[in-house]
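Structure first, commentary second.
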Amino acid sequence: MALKPLLRATFLLAGTLLLAPLFAQQEEPHEAPAAEAHAVAAAHDEHGTEGEAKKFDAGKLIMEHIADEHGWHIAGEGHGSIVLPLPVIIYDTQRGLSLFSSSRFDHGHAAYDGYKLEEGRIVAVDASGAIDEAATANIWDLSITKNVASLMLVMVILLVMFIGVARAYARRPGQAPKGLQSLMEPIILFVRDDVAKSAIGAHKYARFMPYLLTVFFLIFFANLLGLIPFIPGGANVTGNIAITLTLAMITFLIVTFNGNKHYWHHIFAMPGVPAWVLIILTPVEVLGMFLKPFVLMIRLFANITAGHIIALSFFSLIFVFGATSAAAGYGVSVVSLAFTVFMTFLELLVAFIQAYVFTFLSAMYIGAALEENHEHKESLV
Amino acid sequence: MFLASLVEPAFGLIFWMTLSFGIVFFLLAKFAWKPILNSLREREKSIEDAISEARKAREEMAGLKASNEELMRQARAERELLLKDARDIRDKEIAEAKTKAKAEADALLGRAREDIRNEKNAAITEVKNQVAELSVQIAERILKEKLGDAAAQKALVDKVMNEADLRRS
């Protein structure tokens, strides 16, 4: 295998690992005041009504932005906020399917049709308005949430963009790329040559190209869209564990179903290893089989979520200081803005790197499952 | 609570993600990736073909040039050979002509010398004969005049000598 792509991948991975503590370090000092503010706000707002909800709660704000929500928050707070209502779809094993607008919940203050929004989660309520846990267990929430809507937007962008690019190829066969086509071609070639060919091998890579390209561009575009602070961006799609779980699961299934004899042999009976070592090694290898997609899931989730938390923390800082004195708020805003601009540039890089890392590692795992290792065959004999 | 919702995968999102990913994957694979990758491969192949063709053409040109040079070299060598032959022939002819001319000249000279010798011999014989005849005539006159004195003898000799025209053969 070529050495260069391997080195590059190692560098990127090392970079990702080195950046992680940096994120953590930057996060902590700002999380602390945020938490303090939360505590202060909570103390003031013990029996807080909407009128008093002027107190700034950074922790709550950050978490709300990172978590998924029913309805797409645009501006404002509480009753006065502007929210794009999204469809709520609930399948209740007892009551069947119900579909209504998320605006019916009135930001979690009203129950509708026996359902209520409680801290971002749909629960069943009885006639008196108390939460009915038994009925809640029957609920399957299939709502088009902010993340689902954002995901669908990304999917539509992907479809329009790449079917358009494919048309450009059909229209101008054999000619140099033009416009969007020339923007996308180097990235497609990068995924093909530096990811698929180097990790899977020049003979078998073609079968996995559609998956790798789809995953790469989905993650990349979702990451970029997440960097836009207002609608249609701002959703934390790739920083949502459900999304990364699904992607990692697909990679896991592809790897598992494409594993050849050699791959399974390697897991359950590592060639050239004494039998007593296998007692230890085989459980480790089996664990590794599941650990690989698990790490894929966590890495993407954590990296993107961390980026969102940092950007929001910097902005929260302005309001935390602003709460003590207006001058401090304005003073901090300059610093915060500078840091956020820097972080956004870093996040642009991270958006590409994480898409690359996810795709490259998926390709590596697929490559490992398909590998015909001749060295071990020799050691078997 | 919020943290828990952050790391707890929501069922709805997994459902929609799986569904939309499946549909988009199918559509992209069929209508985008396949034609894009095919066109890229075709274009790369055509570029590769063009490059290899150009290389082949260049090699052919180089071969042609080499063979041209070889031909030129052969032609030049042949010309040299021809020129040399011509020069040799010319030299030989000149030499032959010289030899022949010399031989002829020698022959002519020999003949001339022979003639001269013959003429000389004839002349000498003539002179000898005349001298002999004169001597005889002189002797005859002397004897006839009965020579008295030395002066008379001398005058006689002179007279005879004057009469004798040596130049007339």
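Proteins come first, then strands; the chains are lettered A, B, ... in the order of their sequence lines, and each starts at number 1.
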(message) Heavy-atom cut-off 4.5 Å, strictly under: side chain, backbone, both or neither for Ile250(A) against chain B?
(response) side chain
(request) Tell me the residues of residues 77-96 of chain B whose non-hydrogen atoms fall below 4.5 Å from those of chain A, in number order. (result) none
(message) Please classify the contact between Leu151(A) and chain B as side chain, backbone, both or neither, with a heavy-atom cut-off of under 4.5 Å.
(response) side chain
(message) With a 4.5 angstrom heavy-atom cut-off, is it the side chain or the backbone of Ile188(A) that approaches chain B, or both, or neither?
(response) side chain
(message) What part of Thr305(A) gets within 4.5 angstrom of chain B, counting heavy atoms only: side chain, backbone, both, or neither?
(response) side chain
(message) For Asp141(A), which atoms come within 4.5 Å of any heavy atom of chain B: side chain, backbone, both, or neither?
(response) backbone
(message) Below 4.5 Å, heavy-atom pairs only: which of Asp68(A), Ile243(A), Leu158(A) has the largest tally toward chain B?
(response) Ile243(A)
Quiz: residues 164-174 of chain A side-chain donor-acceptor pairs under 3.5 angstrom, not counting sequence neighbours:
unit_1: Tyr169(A); atom_1: OH; unit_2: Glu185(A); atom_2: OE1; d: 2.7
unit_1: Arg172(A); atom_1: NH2; unit_2: Ala176(A); atom_2: O; d: 2.6

(message) Below 4.5 Å, heavy-atom pairs only: which of Ile66(A), Val148(A), Leu213(A) has the largest tally toward chain B?
(response) Leu213(A)
(request) With a 4.5 Å heavy-atom cut-off (strictly below), which parts of residues 15-36 of chain B touch chain A? List them by number. (result) Phe15(B), Trp16(B), Met17(B), Thr18(B), Ser20(B), Phe21(B), Val24(B), Phe25(B), Leu27(B), Leu28(B), Ala29(B), Phe31(B), Ala32(B), Trp33(B), Pro35(B), Ile36(B)
(request) For Tyr91(A), check ring-ring contact (aromatic ring centres under 6.0 Å, His included) against everything at least two apart and list the hits. (result) none
(message) Report which part of Asn236(A) has an atom under 4.5 Å of a heavy atom belonging to chain B: side chain, backbone, both, or neither.
(response) neither
(message) Is Met152(A) in contact with chain B via its backbone, its side chain, both, or neither, using a 4.5 Å heavy-atom distance?
(response) side chain
(message) What part of Ile14(B) gets within 4.5 angstrom of chain A, counting heavy atoms only: side chain, backbone, both, or neither?
(response) both
(message) Can you tell me which portion of Leu245(A) sits under 4.5 Å from chain B's heavy atoms? Options are side chain, backbone, both or neither.
(response) side chain
(request) Evaluate the side-chain contact (heavy atoms from CB on, under 4.5 Å) criterion for residues Leu13(B) and Thr246(A): first the C-alpha distance (whole Å), next the side-chain angles of each, then the deciding distance (0.1 Å), finally the verdict. (result) CA-CA 9 Å; Leu13(B) 202 47; Thr246(A) 312; over 6 Å; no
(message) If I compare all heavy atoms of Arg43(B) with all of Gln175(A), which pair ends up nearest, and what's the gap?
(response) NH1-O, 2.9 Å
(message) A quick test of your reading: do over 12 heavy atoms of other residues, nucleotides or ligands sit less than 6.0 Å from CD of Glu48(B)?
(response) no
